[in-house]
Amino acid sequence: MNPSDLQDPTARPYHHGDLRQALIDTGLRLIETRAEDDLGLRELAREVGVSPTAIYRHFPDKQALKAALAGAGLARLAVSQQQASAQAGGGAAGFLASGMAYVRFAAGQPVLFRLIFSHAATEDLLDADPSRQSAALRGLRDDIDRLVPPGRPAAERKALALHAWALVHGLAQLVLDQQIPPDWVLIERVLAGMGALLGQGSPAPG
């Protein structure tokens, strides 16, 4: 046995079968308590109870760890949006609930939210191939597709998707930057206006 693989005796013992997942879960828990995403690999190794060598096998550097945490955070955001939409009954109400869940997620987990959009691959929102989209962004596209009147051109649907994302993300950033208070009644009114726009669409060219 390589001595460098031994557990840190001062750390919590590691008893899980999937070390990579345990590292991600612990990392997500730790950054919830931080003012910024300053989590280090050695700190994470100590918390889980493994050597730095063991963690480097899964995450060769801090950027790799942040990318993994961002991906896991994006998946959590997707779940919160999907649950909110389902509880609201889908349709326009589900779309509104999904948008509110997005902004509430940002307000409740600001460090994770900023980490997601600085390290996760989120550009697939506008990808025409749903198989290459993350669950969170695919869910948003699905909501938009259900609300936009049929027969609208692909370019218009893409523009509406970007409009919707820009709106919820902009509201989230305004709340995080303390430019607006987390006034949920006001935010819901703003998002309801987006739902109405999607339902009406705009005249198809030509």
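Nothing here was measured: the structure is a model prediction, and the numbers come from that model.
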Problem - Full working for side chain to side chain contact (heavy atoms under 4.5 Å, CB included) between Glu32 and Leu112 - result: CA-CA 7 Å; Glu32 288 179 358; Leu112 179 56; 5.6 Å; no
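With contacts defined as side-chain heavy-atom distances shorter than 4.5 Å, the pair Leu28/Arg76 qualifies. Leu171 places a side-chain heavy atom less than 4.5 Å from the side chain of Ile180. Contact annotation: the side chain of Phe105 never approaches that of Gln81 to less than 4.5 Å [non-hydrogen atoms, C-beta and beyond]. Inter-residue side-chain proximity for Met100 and Ile187 is flagged as met; some heavy-atom pair is nearer than 4.5 Å. With contacts defined as side-chain heavy-atom distances shorter than 4.5 Å, the pair Phe95/Leu191 does not qualify. Contact of the Phe59 side chain with the Arg20 side chain is registered, since non-hydrogen atoms from C-beta on lie closer than 4.5 Å.
Rounding to the nearest 0.5 Å places CD1 of Ile116 at 8.0 Å from CD of Gln109. With rounding to the nearest 0.5 angstrom, the CG atom of Leu44 is 11.0 Å from the NZ atom of Lys62. The CD1 atom of Ile55 lies 7.5 Å from the CG atom of Leu19; values are rounded to the nearest 0.5 Å. Here the CD1-CZ distance, from Ile24 to Arg29, works out to 14.0 Å after rounding to the nearest 0.5 Å. Rounded to the nearest 0.5 angstrom, Gln173 CD and Gln179 CD are separated by 10.5 Å. Atoms CG and CD, from Leu96 and Glu188 in turn, are 5.0 Å apart once rounded to the nearest 0.5 Å.
Between the side chain of Ser85 and the backbone N or O of Gln82 there is no donor-acceptor pair closer than 3.5 Å. Thr26 places no side-chain N or O within 3.5 Å of a backbone atom of Leu23 that could act as its donor or acceptor partner.
In terms of heavy atoms, Leu115 sits closest to Ala70 at O-CB, 3.6 Å. Residues Gly99 and Val168 approach most closely at CA-CG1, 3.9 Å, considering heavy atoms. In terms of heavy-atom proximity, His58 sits nearest to Pro60 at O-CD, 3.9 Å. Nearest approach of Val175 to Pro182, heavy atoms of both residues: CG1-CB, 4.2 Å. When every heavy atom of Ala84 is checked against every heavy atom of Ala101, the shortest pair comes out as CB-CB, 3.8 Å. Contact between Pro110 and Leu176 at its shortest, heavy atoms only, is CB-CD2, 3.5 Å.
Residues Trp184 and Leu174 fall within the same hydrophobic cluster, defined by Ile, Leu, Val, Met, Phe, Trp and Tyr side chains chained together at heavy-atom separations under 4.5 Å.
Atom CZ of Arg42 has 12 or fewer heavy atoms from other residues, nucleotides or ligands within 6.0 Å.
Residues meeting the salt bridge (Lys or Arg N to Asp or Glu O under 4.0 Å) test with Asp61, sequence neighbours left out: none.
Arg114 has a carboxylate O that lies under 4.0 Å from a charged side-chain N of Asp177, or vice versa, which qualifies the two as a salt bridge.
Using bins of under 30°, 30° to 60° and over 60° for the plane-to-plane angle, the ring pair Phe117/Trp165 lands in the tilted bin.
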